[in-house]
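I have placed the structure first, in the form of structure tokens, so that the comments after it can refer back to it.
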Amino acid sequence: MAARIEHLVTSGTFSLDGGTWDVDNNVWIVGDDNEVIVIDAAHDADAIAAAVGGRTLRAIVCTHAHNDHIDAAPELAARTGAPVLLHPDDLPLWKQTHPDKAPDAELTHGQGLTVAGIELTVLHTPGHAPGAVCLYAPELAALFSGDTLFAGGPGATGRSYSHFPTIVESIRDRLLTLPGDTAVHTGHGERTTIAAESPHLQEWIDRGF
């Protein structure tokens with residue numbers, strides 16, 4: 001059966017720099033009836049495990065290490081035996097949430113992850129966080145953008161470990177160069193497309209979005 005994208009929304013909190021906010025997170029499951037990967041194991045390992053069902057979980061991919069995107073990752077890994085993958089530049093953030101449990105393997109720019117006969121390419125897109133990554137699956141015309149790119153603009157850069165000029169560079173050089181019909185599956189909120197966002201880059205820069 002062909003690879004497909006499944007979507008789950010989980011709810012919890014995001015905490016950084018002494019503040020805590022209620023958030024809803026998008027969890028993306030990519031694969032077929034036999035094997036999948038999970039992108040961002042957020043908040044609820046039970047719900048994610050139920051969505052995976054009896055399929056083999058090949059990897060738990062973290063787009064970045066803010067706690068709301070990784071809080072359920074170690075539990076899901078323990079239940080399934082799947083490795084947790086994270087870019088090493090986000091280890092300082094990871095350790096704020098999981099000081100006693102390291103990720104299982106590193107993500108690198110250009111790395112390919114294969115599941116259900118398709119490849120997802122890791123794109124290092126720092127700015128929202130130093131080790132933020134996106135995953136591009138051309139066979140699905142899909143980008144999984146984490147908190148780097150949303151419908152309406154870049155991810156937030158007002159807190160520790162973030163940098164607005166860097167996220168703009170990441171989006172300009174590594175995301176807006178993708179085909180316009182690429183669907184952008186975001187870390188929070190609604191999906192968008194590359195074509196819908198690319199005309200607005202200069203507006204974001206001018207506003208210091």
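Predicted, not measured: the structure shown is a model, and the values here were computed from it.
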List the residues meeting side chain to side chain donor-acceptor pair (under 3.5 Å) with Thr177, not counting sequence neighbours, and say none if there are none.
none

Check whether any side-chain N or O of Asp40 sits under 3.5 Å from a backbone N or O of Ala42 as a donor-acceptor pair, and report yes or no.
no

Quick check: does any side chain N or O of Thr182 sit under 3.5 Å from a backbone N or O of Leu178, one acting as donor and the other as acceptor?
no

Using a distance-only test with no angle check, is there a side-chain donor-acceptor pair under 3.5 angstrom linking Ser15 and Asn67?
no

Donor-acceptor contact present, side-chain Thr63 to main-chain Cys134, <3.5 Å:
no

So, using side chain to side chain donor-acceptor pair (under 3.5 Å) as the criterion, who are the partners of Asp17 when residues are at least two apart?
Ser160

Of all heavy-atom pairs between Trp94 and Cys62, which one has the smallest distance, and what is that distance?
CZ3-SG, 4.2 Å

Name all residues meeting the side chain to side chain contact (heavy atoms under 4.5 Å, CB included) criterion together with Glu190; count only those two or more places apart in sequence or in a different chain, and write none if there are none.
none

Applied to residues 103-112, the salt bridge (Lys or Arg N to Asp or Glu O under 4.0 Å) test, sequence neighbours excluded, yields Lys101-Asp104

Determine the minimum heavy-atom distance between Ala77 and Val84, stating which atoms define it.
CB-CG2, 3.7 Å

All pairs passing salt bridge (Lys or Arg N to Asp or Glu O under 4.0 Å) where residues 52-77 contributes a residue, at least two apart
Glu6-Arg55, Glu35-Arg58, Glu75-Arg79

Using every non-hydrogen atom in the two residues, find where Ile29 and Ala51 come nearest and quote the distance to one decimal.
CD1-CB, 3.5 Å

Does a side-chain heavy-atom distance below 4.5 Å link Val23 with Asn25?
yes

Review item, side-chain donor-acceptor pairs of residues 114-126, under 3.5 Å, at least two apart:
from	atom 1	to	atom 2	distance (Å)
His124	NE2	Pro130	O	2.8
Thr125	OG1	Thr148	OG1	3.2

In terms of side-chain heavy atoms, does His200 have a donor or acceptor partner in Glu203 at a distance below 3.5 Å?
yes

Return the CZ to OG distance between Arg191 and Ser145, rounded to the nearest 0.5 Å.
11.5 Å

Measure the spacing between CG of Leu175 and CG of Leu149 and express it to the nearest 0.5 Å.
6.0 Å

Which residues satisfy the side chain to side chain donor-acceptor pair (under 3.5 Å) test with His98, sequence neighbours excluded?
none

Pairs meeting criterion salt bridge (Lys or Arg N to Asp or Glu O under 4.0 Å) with involvement of residues 145-155, two or more places apart
none

What's the spacing between Asp44 CG and Leu8 CG if we round to 0.5 Å?
7.5 Å

Working to the nearest 0.5 Å, report the span between CG of Leu93 and OG1 of Thr97.
8.0 Å

Hey, could you give me each pair passing salt bridge (Lys or Arg N to Asp or Glu O under 4.0 Å) that has a residue in residues 155-181? Not counting sequence neighbours.
none

Where is the tightest heavy-atom contact between Gln111 and Leu113, given as atom of each residue plus distance?
NE2-CD2, 3.5 Å

Within residues 38-65 or reaching into it, pairs that qualify as ring-ring contact (aromatic ring centres under 6.0 Å, His included) - sequence neighbours excluded:
His64-His66, His64-His69, His64-His128

Qualifying residues under side chain to side chain contact (heavy atoms under 4.5 Å, CB included), relative to Ala142, sequence neighbours excluded:
Ile5, Leu140, Phe144, His185

Inspect the contact between Lys95 and Asp100 and indicate whether a charged nitrogen and a carboxylate oxygen are less than 4.0 angstrom apart.
no

Could you tell me if the side chain of Ser162 sits less than 4.5 Å from the side chain of Ile167, heavy atoms only?
no

Can you sort out the partners of Asn26 under side chain to side chain donor-acceptor pair (under 3.5 Å), two or more places apart, ordered by chain and number?
His7

Main-chain N/O of Ile194 paired to Glu197 side chain as donor or acceptor, under 3.5 Å:
no

Rounded to the nearest 0.5 Å, what's the gap from CG on Asp206 to CH2 on Trp204? Could you check?
12.5 Å

